[in-house]
Participant: 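There's a structure below that I have some questions on.
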Amino acid sequence: MKQNIIFFVMIVSTLFLYGQRIITAEEQKEETDTLILNRVKEWQDLKFGFFAHWGIYATEELVESWSICNEDWIDRKGVEYEPYKQWYWELNKKFNPKNFDANKWAELAWECGMRYFVFTSKHHDGFCMYDTKQTDYSVCGKDCPYSQNQNNDIVKQVVEAFRSKGFWTGLYFSKADWHNKDYWSPMWATPDRNVNYNIDKHPEKWQRFCDFTYKQIEEITHNYGDIDILWLDGGWIRPQWSINSDEVRSWLGAYQRVQDIDMPKIAKIARKGNEDMIIVDRSVGGKYENYRTPEQSVPDSPLNYPWETCMTMGDSWSYVKNDNYKSTNTLIHTLVDVVCKGGNLLLNVGPDKEGNIPEPAIERMKEMGAWLRVNSKAIYSTHPIAPYKSNNICFTESNNDKVFAIILLSNSTNLQNTYTFELSKDLAIGKKKVLGSKAEAKLSKEGEKYILNFSNKDVEQNREKNALVVEL
């Protein structure tokens, strides 16, 4: 009898501690289902994806959502918080992208060499870029002028356009929703990004918010055919077991509230009828973060798990008129750096308020595509081979065992006559093909070191290129 009482107390304590939900050990472990793991391997072969942050913030060239969050790093140019927030909420009444053409986006991204697509169905501000039945705060809502467009469901347009070109389709969805009154209640102040009330004292509000989220997840994962990737943001919404670092604790803000939204339930809803969907519950870990997403950075070395660098083409995720775009040379080098370490690159562009891809982005995407059409064998369906990177040479190995040396070039780093390196695989010596070029390289070996030689003529003819690929 005493043991039964103790067991009951433990169960009740667990329910209280974890937001009325029993946490299983299973969800804290990495995914083991071969169906999903095989799907992740297929995704890893794609290597290069297109990310688009687009919403009502584009109407005023604002940082995506964050300007309405009351945290001290945010600059509202001296405007008081509450009036600013009310002004921001009404940007839905100005969103009317008359030039938007999803097919043009898809054609450009395919020409760039991108092979999967992730689109912001809803960012933290709660504005939905699709036809949701859970709120009128959407591109299809009556207050939004774009709702008068015959094809007003933007998510539907982009998914159909990108899928028709052969892309994998992914949808970004913020677990937070600052417009929802059951997340940011008007009864209390909003000191930071988190839920602004005590969940334990108001469990009914939290349950309403969770139910709202479940229904929206069901909409985006079932109304548009099979979605390949559900890309979840808002990492401060997470279970207790995953709060495991000072950085994560800092996200929880003033009151350190645990916001467990029940990821096992979300995964079950999302994967109904689509069992191999990849789910990315960013930064949380465990079973529902099928791959990880280092942001704006490339790891120093290969990682022992599937990963994707998500990075902006400019400085901003959302559209800014005079954004500082990275050069084509930098972007190609970044792609190569990511791929040689076993990752994928998800490159973001922020469309403007009319739905246009900015001209500097178009120019760079076409130039990246031209390079990839010549050198695709060294990028797609490859994996790392040690030493991965040696000075300005990166190495990849295709799934059919061909090895490539990708020599990173620039205005200040031109092709040299001789390169010396070691490799964790025996190579045949002799003449080697340079992809897309009449140049030939000669490979020899001295002891443990390989020597790659180019003639003076080839060095002169290959100046100021972005990267040269040698099939070893």
Participant: Would you say N290's side chain and I279's backbone share a donor-acceptor pair under 3.5 angstrom?
Facilitator: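 Yes; judged by distance alone, with no hydrogens or angles, the pair exists.
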
Participant: Would you find more than 12 non-hydrogen atoms of other residues, nucleotides or ligands less than 6.0 Å from K445 atom NZ?
Facilitator: yes

Participant: I'd like to check F212 versus T132 (side-chain heavy atoms, cut-off strictly below 4.5 Å). Are they in contact?
Facilitator: no

Participant: Would you say the side chain of I243 lies within less than 4.5 Å of the side chain of V258, judging by non-hydrogen atoms?
Facilitator: yes

Participant: Do other residues, nucleotides or ligands put more than 12 heavy atoms under 6.0 Å from K165 NZ?
Facilitator: yes

Participant: Please confirm whether the ring centroid of F395 lies under 6.0 Å from the ring centroid of F421.
Facilitator: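 Distance test on ring centres: under 6.0 Å, yes.
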
Participant: Ring centroid separation for F117 and W105, is it under 6.0 angstrom?
Facilitator: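 No, they do not, as the ring centres are separated by 6.0 Å or more.
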
Participant: Verify the neighbour count for atom CG of N400: are there more than 12 heavy atoms of other residues, nucleotides or ligands below 6.0 Å?
Facilitator: yes

Participant: In terms of the angle between their ring planes, are H124 and Y172 parallel, tilted or perpendicular, with boundaries placed at 30° and 60°?
Facilitator: tilted

Participant: Answer yes or no: is there an ion pair linking D45 with K41, defined by an N-O contact shorter than 4.0 Å?
Facilitator: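 Looking at K41 together with D45, the answer is no, because their closest N to O distance does not fall below 4.0 Å.
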
Participant: Could you check whether any side-chain N or O of E71 sits under 3.5 Å from a backbone N or O of R193, counting only pairs where one atom can act as donor and the other as acceptor?
Facilitator: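 Side chain of E71 to backbone of R193: a pair is present.
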
Participant: Are the side chain of N348 and the backbone N or O of H53 linked by a donor-acceptor pair below 3.5 Å?
Facilitator: yes

Participant: Do K175 and D281 sit within salt-bridge range, that is, some charged N less than 4.0 Å from a carboxylate O?
Facilitator: yes

Participant: With a 6.0 Å cut-off (strictly less than), is the heavy-atom count around CG of N244, excluding the residue itself, greater than 12?
Facilitator: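 Yes, CG of N244 has more than 12 neighbouring heavy atoms, counting only those of other groups under 6.0 Å.
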
Participant: Hey, what do you get for CZ (F173) to CG (L232), rounding to the nearest 0.5 Å?
Facilitator: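 F173 atom CZ to L232 atom CG measures 8.0 Å (nearest 0.5 Å).
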
Participant: Are there more than 12 heavy atoms of other residues, nucleotides or ligands under 6.0 Å from atom CD of Q28?
Facilitator: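 Yes, enclosed.
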
Participant: Please round to the nearest 0.5 Å and tell me the distance separating atom SG of C128 and atom NE2 of H123.
Facilitator: 13.0 Å

Participant: At what distance, to the nearest 0.5 angstrom, does CZ of R271 lie from OH of Y288?
Facilitator: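 With rounding to 0.5 Å, CZ (R271) is 7.5 Å from OH (Y288).
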
Participant: Are Y57 and W317 near enough that their ring centres are under 6.0 Å apart?
Facilitator: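 Ring centres of W317 and Y57 not closer than 6.0 Å.
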
Participant: Between D101 and N103, which heavy-atom pair has the shortest distance, and what is it?
Facilitator: OD1-N, 3.0 Å

Participant: Going by heavy atoms in the side chains, are V338 and W307 under 4.5 Å from each other?
Facilitator: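 Yes, side chains in contact.
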
Participant: Please work out whether the ring planes of Y137 and H179 are parallel, tilted or perpendicular, with thresholds of 30° and 60°.
Facilitator: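 Correct class here is parallel.
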
Participant: Please name the pair of heavy atoms, one in D33 and one in L35, separated by the smallest distance, quoted to 0.1 Å.
Facilitator: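 In terms of heavy atoms, the two residues are closest at OD1-N, 2.9 Å.
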
Participant: Are side-chain heavy atoms of W236 and D192 found at a separation under 4.5 Å?
Facilitator: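 No - every pair of side-chain heavy atoms lies 4.5 Å or more apart.
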
Participant: To the nearest 0.5 angstrom, please state how far the CD1 atom of I217 sits from the CD atom of Q134.
Facilitator: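 These two atoms lie 11.5 Å from each other.
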
Participant: Assign the ring pair W66 / W73 to parallel, tilted or perpendicular, where the plane angle (0 to 90°) is split at 30° and 60°.
Facilitator: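 Aromatic pair W66/W73 classed tilted.
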
Participant: Look at the side chain of R163 and the backbone N and O of T169, then say whether any donor-acceptor pair between them is shorter than 3.5 Å.
Facilitator: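 No; zero donor-acceptor contacts below 3.5 Å.
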
Participant: Determine whether D153 and S138 make a side-chain contact, defined as any pair of heavy atoms from C-beta on separated by less than 4.5 Å.
Facilitator: no

Participant: Does any part of the side chain of W231, heavy atoms only, come nearer than 4.5 Å to the side chain of L346, both counted from C-beta?
Facilitator: yes

Participant: So if I apply the side chain to side chain contact (heavy atoms under 4.5 Å, CB included) rule between K47 and each of L345, T382, T396, which one comes out positive?
Facilitator: T382

Participant: Measure the OG-CZ distance between S65 and F127 for me, rounded to the nearest 0.5 Å.
Facilitator: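 S65 OG to F127 CZ: 11.0 Å, rounded to 0.5 Å.
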
Participant: Can you tell if the side chain of K181 reaches within under 4.5 Å of the side chain of R208, non-hydrogen atoms only?
Facilitator: no

Participant: Once rounded to the nearest 0.5 Å, what's the spacing between atom CG of D182 and atom NZ of K205?
Facilitator: 4.5 Å

Participant: May I ask you to decide if G253's main-chain N or O and Q256's side chain share a donor-acceptor pair within less than 3.5 Å?
Facilitator: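 Side chain of Q256 to backbone of G253: a pair is present.
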
Participant: How about I229 and Y116: do any of their side-chain heavy atoms sit closer than 4.5 Å?
Facilitator: yes

Participant: Check step by step if salt bridge (charged side-chain N to carboxylate O under 4.0 Å, His left out) holds for K341 and D337.
Facilitator: CA-CA 7 Å; K341 295 169 183 173; D337 192 18; 2.9 Å; yes

Participant: Verify, without hydrogens or angle tests, whether D136 (side chain) and G141 (backbone) share a donor-acceptor contact under 3.5 angstrom.
Facilitator: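 Judged by distance alone, no pair lies under 3.5 Å.
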
Participant: Are D131 and K156 within salt-bridge range, i.e. N to O under 4.0 Å?
Facilitator: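 Not counted as a salt bridge, because no side-chain N and carboxylate O are separated by less than 4.0 Å.
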
Participant: Would you call R21 and E27 a salt bridge, taking side-chain N to carboxylate O under 4.0 Å as the test?
Facilitator: yes

Participant: Apply side-chain contact (heavy atoms from CB on, under 4.5 Å) to F119 and F162, showing your working.
Facilitator: CA-CA 11 Å; F119 180 72; F162 278 79; over 6 Å; no

Participant: Do other residues, nucleotides or ligands put more than 12 heavy atoms under 6.0 Å from N399 CG?
Facilitator: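 Above 12, so yes.
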
Participant: Taking the six-membered ring for Trp, are the ring centroids of W89 and W178 within less than 6.0 Å of each other?
Facilitator: no

Participant: State, without any angle test, whether Q296 and T312 hold a side-chain donor-acceptor pair at a distance under 3.5 Å.
Facilitator: yes

Participant: Taking everything shown except K425 itself, do over 12 heavy atoms lie less than 6.0 Å from its NZ?
Facilitator: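 Yes, NZ of K425 has more than 12 neighbouring heavy atoms, counting only those of other groups under 6.0 Å.
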
Participant: Using atom types as modelled and distance alone, determine if a side-chain donor or acceptor of S424 lies under 3.5 Å from a backbone N or O of P387.
Facilitator: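 No, S424 side chain to P387 backbone: no donor-acceptor pair under 3.5 Å.
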
Participant: Assess whether a salt bridge exists between K133 and E219, defined as any Lys/Arg side-chain N lying under 4.0 Å from an Asp/Glu carboxylate O.
Facilitator: no

Participant: Between D401 (side chain only) and S398 (backbone N and O only), is there a donor and an acceptor less than 3.5 Å apart?
Facilitator: no

Participant: For the residue pair R257 and V195, what are the closest heavy atoms and their distance?
Facilitator: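 Taking R257 first and V195 second, the nearest heavy atoms are NH1-O, 3.4 Å.
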
Participant: Within 45° of the axis and under 6.0 Å from the centre of the six-membered ring of W110, does NZ or CZ of R115 qualify?
Facilitator: yes

Participant: Kindly give the heavy-atom pair with the smallest separation between D177 and K122, and that separation in Å.
Facilitator: OD2-NZ, 2.8 Å

Participant: Using modelled atom types only, decide if a donor and an acceptor are shared between the side chain of D323 and the backbone of S316 within a distance under 3.5 Å.
Facilitator: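 Answer holds: yes.
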
Participant: For D260 versus C210, what's the shortest heavy-atom pair and its separation?
Facilitator: O-SG, 4.5 Å

Participant: Under 3.5 Å, is there a donor-acceptor pair between the side chain of S390 and the main chain of I393?
Facilitator: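 Between the backbone of I393 and the side chain of S390 there is no qualifying donor-acceptor contact (under 3.5 Å).
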
Participant: Relative to the ring of W206, is the ring of F209 parallel (under 30°), tilted (30 to 60°) or perpendicular (over 60°)?
Facilitator: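 F209 and W206: tilted rings.
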
Participant: Should the pair R249-D246 be classified as a salt bridge under the 4.0 Å nitrogen-to-oxygen rule?
Facilitator: yes

Participant: Considering residues, nucleotides and ligands other than E448, do more than 12 of their heavy atoms fall under 6.0 Å from its CD?
Facilitator: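 Incorrect, the count does not exceed 12.
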
Participant: Does E367 pair with R364 as a salt bridge, N-O distance under 4.0 Å?
Facilitator: no

Participant: Identify the heavy atoms of V339 and I379 that sit nearest to each other, and give their distance.
Facilitator: CG1-O, 3.8 Å

